[in-house]
Amino acid sequence: MPGSRQRPLLVVANRLPVSRGPEGWRASAGGLVTAMRPVMDRVGGAWVGWDDDPEGVPSRVDDFACDLHPVRLSDEEVAGFYHGFANRTVWPLFHDLVAEPVIDRAWWRCYQEVNHRFTQATVEAAGQQEQTPLIWVHDYHLMLAPRMLRTELPDAPIGFFLHVPFPPPELLGRLPWRDEVLQGLLAADAVGFHTVRYRDNFVRSVQQTFHGVNALGDRLVLPDGRQVRAVAHPISIDAQEFAELARSEETQRELEEISEQFAGRRVFLGVDRLDYTKGIRHRLQSIELLLERNPELRSEFAFVQVAVPSRDDVEEYRDLRTQVETEVGRINGRFTEPGHDVPVHYLYRGVSREKLAAYYRLADVMCVTPLKDGMNLVAKEFVTVQAATGGDGVLLLSEFAGTALEFGTDVVRCNPFDVEGMSLLMEATLGLDPADRRARIRRMAEAVREADVFRWVEEELDAVERSHLLP
Ligand code: GDG
């Protein structure tokens, strides 16, 4: 029941909820931080996370009401735990092998040790609370922590939420340490996933790995009689905040500037971290085919790709950047008329939230075409911003994004591996009726408003509390 929660909350995540800006330490802009703010304000608590600031993160920041417990990692730990096991083993394995996962025993040992370090920091933080807190562990970096915490704090309610997909048992089976990972997760009271499909993959993996586990609805009954809930709760955004951002004066100013730059053009947009799961290369190839087939479109078309730098210490990400920039160069080289604008506008950087909202408003077609994506918040932000300003943009959405399960037939659904098919769909979007497009955007925004990020937090924490009462 919203608001009835009394226990302090202890969030354990790879990242702390604060970042240093020109005006000092502030709460970070992400959805999780925004969503936790009202709960933390009500019940108080603490946050354990990796401290990668050269001067160290303070233990308290005015802008976000909770105690911060930074975990310092050595260069070796960062290499083995973060760049290694988390981002080169688990990340590709959990995203359907769109890149080859690296199996390395030293990285695995480091992952175990760092999970232990986070656990110790969490136990310490829990000891400073007035009563036993509800511990909420996040994401694929910390899959061993629930079990380690259970040993140290047997009475604490423990939840885990996975922000990425959970793979089917046939793929998880490639991980030599899958048993330990599953046992790590099963020690939580509730394990949360974005979609029923990921939840079912987890349940099947557990049942195929361990004998005598019964699934009753969303409850797993383990051989020792203990029960764990495996639940599906799609993450979302603060829809009201995005709607206000869409209508703000600053966004309006940004929109006027870019509208002028792109006047007379149909604008297609992509917004992603530069990650090989996001399908940016396939998308560019579809754009190339679209322009090849439709010469008349070349003078009235622009594709804007915001590619936020990500994990550039990892070889696969540096290679991806080279490949993407080669594609962009080739398309612009092929289709730019001297003295005229280029068709592909590629930004290798993040933009301000107002500028991002302005791009969402400007776009005729938003291309969210990942090869695999746990959820994808960009899609939810786009429909919210468009609907808040009466827009009629089209959402071209990959069937392999978690979001695809929520929007039904209001999106133009694509298979991003089918480059030619995707380019035909891009072409088809240009002929859609504006009234139909506007109605679709309105319905999708309504779905986001109804299931916003605050609801996600409440449902997740309720599942942990209810499950904690089970045997
Ligand atoms: C992981 C999972 C899951 C992007 N560019 C800019 C910018 N952004 C913001 C977007 C959005 C966020 O970054 C990206 O979130 P996504 O959900 O799209 O993707 P991941 O980073 O891969 O997140 C994903 C998510 O966790 C939550 O569980 O949905 O599946 O992979 O909010 O707005 N923000 C600003 N400038 C940019 O240039 N200010």
Side-chain angles (χ1 to χ4, degrees), residues 11 13-15 19 21 26-36 86-87 90-92 94-96 98 136 138-141 160-167 192-195 197-198 232-239 241-242 245-246 248 250-251 254 258 269-280 304-311 317 320 345-361 363 366-385 395 397-398 400-407 448 451-453 456-457 460:
V11 177
N14 188 43
R15 296 281 173 186
S19 36
R26 307 291 307 234
S28 308
L32 178 63
V33 177
T34 317
M36 296 314 294
N87 285 331
V90 181
W91 179 266
F94 281 32
H95 285 87
D96 284 1
V98 294
W136 196 15
H138 286 259
D139 225 359
Y140 63 101
H141 313 88
F160 179 91
F161 187 82
L162 186 70
H163 290 260
V164 299
F166 195 88
F193 303 89
H194 288 305
T195 70
R197 203 169 292 170
Y198 307 152
H233 294 142
I235 201 169
S236 190
I237 59 167
D238 180 349
E241 190 210 354
F242 261 93
L245 175 70
S248 73
E250 183 60 31
T251 299
E254 295 283 5
I258 54 176
L269 175 65
V271 174
D272 316 80
R273 277 185 306 99
L274 189 56
D275 192 298
Y276 52 77
T277 59
K278 300 290 184 182
I280 302 171
V304 180
Q305 174 67 54
V306 178
V308 184
S310 180
R311 304 178 192 169
Y317 287 75
L320 173 71
H345 295 246
Y346 166 75
L347 284 70
Y348 178 65
R349 56 181 176 274
V351 297
S352 71
R353 283 166 67 73
E354 290 76 14
K355 186 127 207 155
L356 183 67
Y359 275 119
Y360 287 153
R361 280 184 65 177
M366 178 83 225
C367 303
V368 178
T369 61
L371 307 179
K372 189 79 182 178
D373 212 335
M375 177 51 56
N376 195 291
L377 296 177
V378 166
K380 295 190 175 186
E381 293 166 2
F382 171 72
V383 298
T384 301
V385 165
L395 178 59
L397 183 63
S398 162
F400 305 116
T403 333
L405 295 180
E406 291 184 65
F407 287 155
V448 175
D452 67 3
V453 75
W456 171 74
V457 170
E460 270 291 296

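Residue numbers count from 1 along this sequence. Ligands are counted one by one from 1 in listed order, and the atoms in each one are counted from 1 as well.
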Please state whether the rings of F242 and Y360 are parallel, tilted or perpendicular, taking 30° and 60° as the class boundaries. tilted

Report yes or no: does R361 contribute a side-chain atom to a donor-acceptor pair with the main-chain N or O of A246 at less than 3.5 Å? yes

Does the protein place a non-hydrogen atom closer than 4.0 angstrom to atom 23 (O) of ligand 1? no

Once you restrict to heavy atoms under 4.0 Å, what part of V306 touches ligand 1? Side chain, backbone, both or neither. side chain

Residue and atom name of the nearest protein heavy atom (relative to atom 29 (O) of ligand 1), distance in Å to one decimal: N376 N, 2.9 Å

Geometric N/O contact M375 with ligand 1, under 3.5 angstrom: yes

Within the side chain of Y198, is there an N or O that forms a donor-acceptor pair under 3.5 Å with the backbone of G374? yes

Can you confirm whether F400 sits close enough to D373 that some side-chain heavy atom of one is under 4.5 Å from a side-chain heavy atom of the other? no

Answer yes or no: is there a donor N or O on one side and an acceptor on the other, between the side chain of T251 and the main chain of L245, under 3.5 Å? yes

If we ignore hydrogens and angles and just use 3.5 Å, is the side chain of T384 paired with the main-chain N or O of A239 as donor and acceptor? no

heavy-atom search around atom 10 (C) of ligand 1 in the protein gives E381 OE1, 3.4 Å

Is K278 near ligand 1, meaning one of its heavy atoms is under 4.0 Å from it? yes

Proximal ligand 1 atoms for G374, defined as those under 4.0 Å from one of its heavy atoms: 30 (O)

Name the closest protein heavy atom to atom 31 (O) of ligand 1, giving the residue it belongs to and the distance to 0.1 Å. D373 OD1, 3.4 Å

Is atom CZ of R197 surrounded by more than 12 heavy atoms (other residues, nucleotides or ligands) closer than 6.0 Å? no

Per salt bridge (charged side-chain N to carboxylate O under 4.0 Å, His left out), R353 is matched among E250, E241, E381 by E241

Could you pull out, from D139, V351, V453, L356, the option with a heavy atom nearest to atom 36 (N) of ligand 1? V351

Contact atoms of ligand 1, heavy-atom distance to W91 under 4.0 Å: 31 (O)

Hey, which atoms in ligand 1 end up nearer than 4.0 Å to a heavy atom of V378? 18 (O)

Is the shortest side-chain heavy-atom distance between M366 and Y359 below 4.5 Å? no

Determine whether any heavy atom of Y140 lies closer than 4.0 Å to an atom of ligand 1. no

Heavy-atom side-chain contact between R15 and S28 under 4.5 Å: no

Using a 3.5 Å distance criterion without hydrogens, assess whether the side chain of D275 forms a donor-acceptor pair with backbone atoms of T277. yes

Per-atom contacts of ligand 1 with H194, taking only distances under 4.0 Å to non-hydrogen atoms: 28 (O)

What atoms in ligand 1 come closer than 4.0 Å to a heavy atom of R273? 20 (P), 21 (O), 22 (O)

Give a yes or no on whether atom 13 (O) of ligand 1 lies under 4.0 Å from any heavy atom of the protein. no

So, applying side chain to side chain contact (heavy atoms under 4.5 Å, CB included) with K278, which one of L371, L320, N376 is it? N376

Check contact between V164 and ligand 1, using heavy atoms of the residue and a distance below 4.0 angstrom. no

Which atoms from ligand 1 have a heavy atom of V308 less than 4.0 Å away? 5 (N), 6 (C), 38 (O)

In this structure, atom 1 (C) of ligand 1 is nearest to the protein heavy atom H163 O, 4.4 Å

Of the protein's non-hydrogen atoms, which lies at the shortest distance from atom 17 (O) of ligand 1, and what is that distance? L377 N, 2.9 Å

Parallel under 30°, tilted from 30 to 60°, perpendicular over 60°: which one fits the rings of H138 and F161? tilted

Examine the proximity of ligand 1 to F242 and report which part, side chain or backbone, both or neither, has a heavy atom under 4.0 Å away. neither

Atom 4 (C) of ligand 1: closest protein heavy atom, distance to 0.1 Å, is V271 CG1, 3.7 Å

